Q: 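Take this structure first; my questions come after.
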Amino acid sequence: MRAVADATGVSPAAIYRHFTDRSELIFEVCERRFRELDHVVEEAAATSGDPLESLRLRGRAYVRFGLAHPEEYRIWFMSKPGTAPDWTADRIMKGPVVTHLVQAVQACLDAGVIRPADPALVAFGLWSAVHGLTSLLITKPAFPWPDLDELLDHILSMLAAGLVPGREELTRRAVAAERASIARELHDVIAHNVSVMVVQAGANRVNPPAGPAAATQAFASIEATGRQALSETRRLLGLMRRDGERQSPAPQPGLEHLTALAEQVRKAGLPVTVLVRGDPRPLPAGLNLSAYRIIQEALTNVLKHAGPAATEVLVRYLDRELQIQVTDHGPPALRAPGGRKGSGHGLIGMRERVALYGGQLEVGPLPSGGFRVRACLPLEPPP
């Protein structure tokens, strides 16, 4: 009462003159109590990064808050329809507790852990169930209720049973995601290595090596590239076999293999310079692979579309992101067809890899000629 009086600018003794409707005063007092509810529920939900577990923690915090303040809960949520002022129901439905619950359900949808549904409908269904339990616990405290946490978990699990995809559907999703990943890897491996082999063979046909030693070296380079392509293809196809036949995959390439990649494209006739700025540090395996593949695809595109244009690879380690930039200095006339415009499978693969880590990709021609691929991949800050 004192808090309401202070907020309205009157003394506690004069508060009943300020609120001529006693119901309005009571609900103003209760509303101030239930502003705490939003904070308590959100604090509990934030303790888990798993969206489904966050929903469960949200439900527990809601029930426990109602049991800690039973009289306010009765007045706020369990009053007869004519008792509350007209605005109260609207405030409940549009209040932070309900709106945040809708957002929490939307987070589950975005994460793909529940089947597609109307987030508002799911949220109101969950709230109705948790509100019903809270009301029963308040009105029937002497009833031999089971353990509260166990009961809550059971109710929420039953509610989620129809929303959470079954084991078969989860397996199907995982298989589809794995196949898409393998297809992307196969494209990167074959497109790059075969492009290098074609360019090397074509260059040696147009300008035959001078002498047996040079010819042997040229063919050895083509052979090494072909063997690498076969090895990586076998590894990827091995991942598609049944579990009992699966081969042990070779280590995935990463930025630590960038020098070897640059040497490979140099042998194919592409003059490339590699620059590393900042303090190199260990990267998550997936991000490290994606960074390598982005550079590999960009160099492959230069070989395909710009010819032997001077090219620079810049890798910059910053506190919170990894920046990758591949720039060729080919003339505008050579900036042409297909994948260079941004619709080829290679550039689509780049965008998918960058999007997977919440990064940004910029691809396009330069005003003075040439082409640039620039990717920014967020990193965890160093300890």
Side-chain angles (χ1 to χ4, degrees), residues 3 27 29-78 88-139 141 145-167 169-170 173 284 320 355-358 378 380-381:
F27 275 87
V29 173
C30 291
E31 183 182 24
R32 290 182 175 274
R33 168 67 73 186
F34 275 89
R35 286 174 188 167
E36 300 172 31
L37 175 59
D38 175 57
H39 178 70
V40 169
V41 168
E42 290 306 305
E43 237 184 14
T47 59
S48 174
D50 179 81
L52 278 178
E53 177 63 17
S54 180
L55 273 180
R56 181 177 286 106
L57 294 171
R58 189 181 295 271
R60 284 186 182 182
Y62 179 95
V63 174
R64 291 192 183 283
F65 187 89
L67 294 179
H69 308 285
E71 290 308 316
E72 290 97 326
Y73 193 92
R74 282 175 183 269
I75 294 169
W76 191 251
F77 288 117
M78 299 165 63
T88 303
D90 187 57
R91 285 197 179 184
I92 292 172
M93 296 307 167
K94 294 180 180 178
V97 171
V98 175
T99 54
H100 286 176
L101 179 57
V102 175
Q103 292 169 10
V105 173
Q106 186 64 56
C108 289
L109 288 167
D110 294 340
V113 295
I114 65 175
R115 292 191 178 95
D118 180 347
L121 195 61
V122 174
F124 279 115
L126 291 171
W127 180 61
S128 298
V130 176
H131 164 66
L133 176 61
T134 308
S135 301
L136 283 171
L137 290 169
I138 290 174
T139 56
W145 296 104
D147 176 77
L148 178 57
D149 286 344
E150 186 179 345
L151 181 59
L152 263 172
D153 286 347
H154 186 65
I155 290 172
L156 292 172
S157 295
M158 286 192 302
L159 289 169
L163 292 171
V164 178
R167 184 179 299 275
E169 185 174 344
L170 289 173
R173 289 186 188 180
R320 295 183 177 275
L356 182 64
Y357 293 96
E380 291 294 325

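Bear in mind that the values here come from a model prediction, so they are computed numbers and not experimental data.
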Q: For A123 and V102, which heavy atoms make the closest approach, and how far apart are they?
A: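 A123 and V102 have their closest heavy atoms at CB-CG2, 3.6 Å.
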
Q: Taking the six-membered ring for Trp, are the ring centroids of F124 and H131 within less than 6.0 Å of each other?
A: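 Between F124 and H131, the centre distance exceeds or equals 6.0 Å.
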
Q: Please report the C-alpha distance between L101 and L55 in whole Å, then the side-chain angles of each, then the deciding distance to 0.1 Å, and finally whether the side chain to side chain contact (heavy atoms under 4.5 Å, CB included) criterion is met.
A: CA-CA 8 Å; L101 179 57; L55 273 180; 3.7 Å; yes

Q: What's the spacing between D38 CG and E43 CD if we round to 0.5 Å?
A: 10.5 Å

Q: So which atom in A61 and which in A44 form the shortest heavy-atom distance, rounded to 0.1 Å?
A: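 It is CB-CB, 3.7 Å.
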
Q: For the residue pair G59 and V130, what are the closest heavy atoms and their distance?
A: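 That closest heavy-atom pairing would be O-CG1, 3.9 Å.
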
Q: For residues L151 and P146, report the shortest heavy-atom separation together with the two atoms involved.
A: CD2-CD, 4.2 Å

Q: How are the rings of F65 and H69 set relative to one another: parallel (under 30°), tilted (30 to 60°) or perpendicular (over 60°)?
A: tilted

Q: Identify which one of D147, L148, L152 satisfies the side-chain contact (heavy atoms from CB on, under 4.5 Å) criterion when paired with E150.
A: D147

Q: Do W127 and R58 come close enough that some side-chain heavy atom pair is under 4.5 Å?
A: no

Q: Nearest 0.5 Å, please: how far is CD in Q106 from CG in D118?
A: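 Reported to 0.5 Å precision, the distance equals 9.5 Å.
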
Q: Which pair of heavy atoms, one from L57 and one from S48, lies closest together, and at what distance?
A: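 Here L57 and S48 meet closest at CD1-CB, 3.8 Å.
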
Q: With sequence neighbours excluded, tell me which residues meet salt bridge (Lys or Arg N to Asp or Glu O under 4.0 Å) with E53.
A: R56

Q: Rounded to the nearest 0.5 Å, what's the gap from CD1 on I138 to OH on Y73? Could you check?
A: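 One gets 6.0 Å once the value is rounded to the nearest 0.5 Å.
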
Q: If you round to the nearest 0.5 Å, how far is CG of L109 from CD of Q103?
A: 13.0 Å

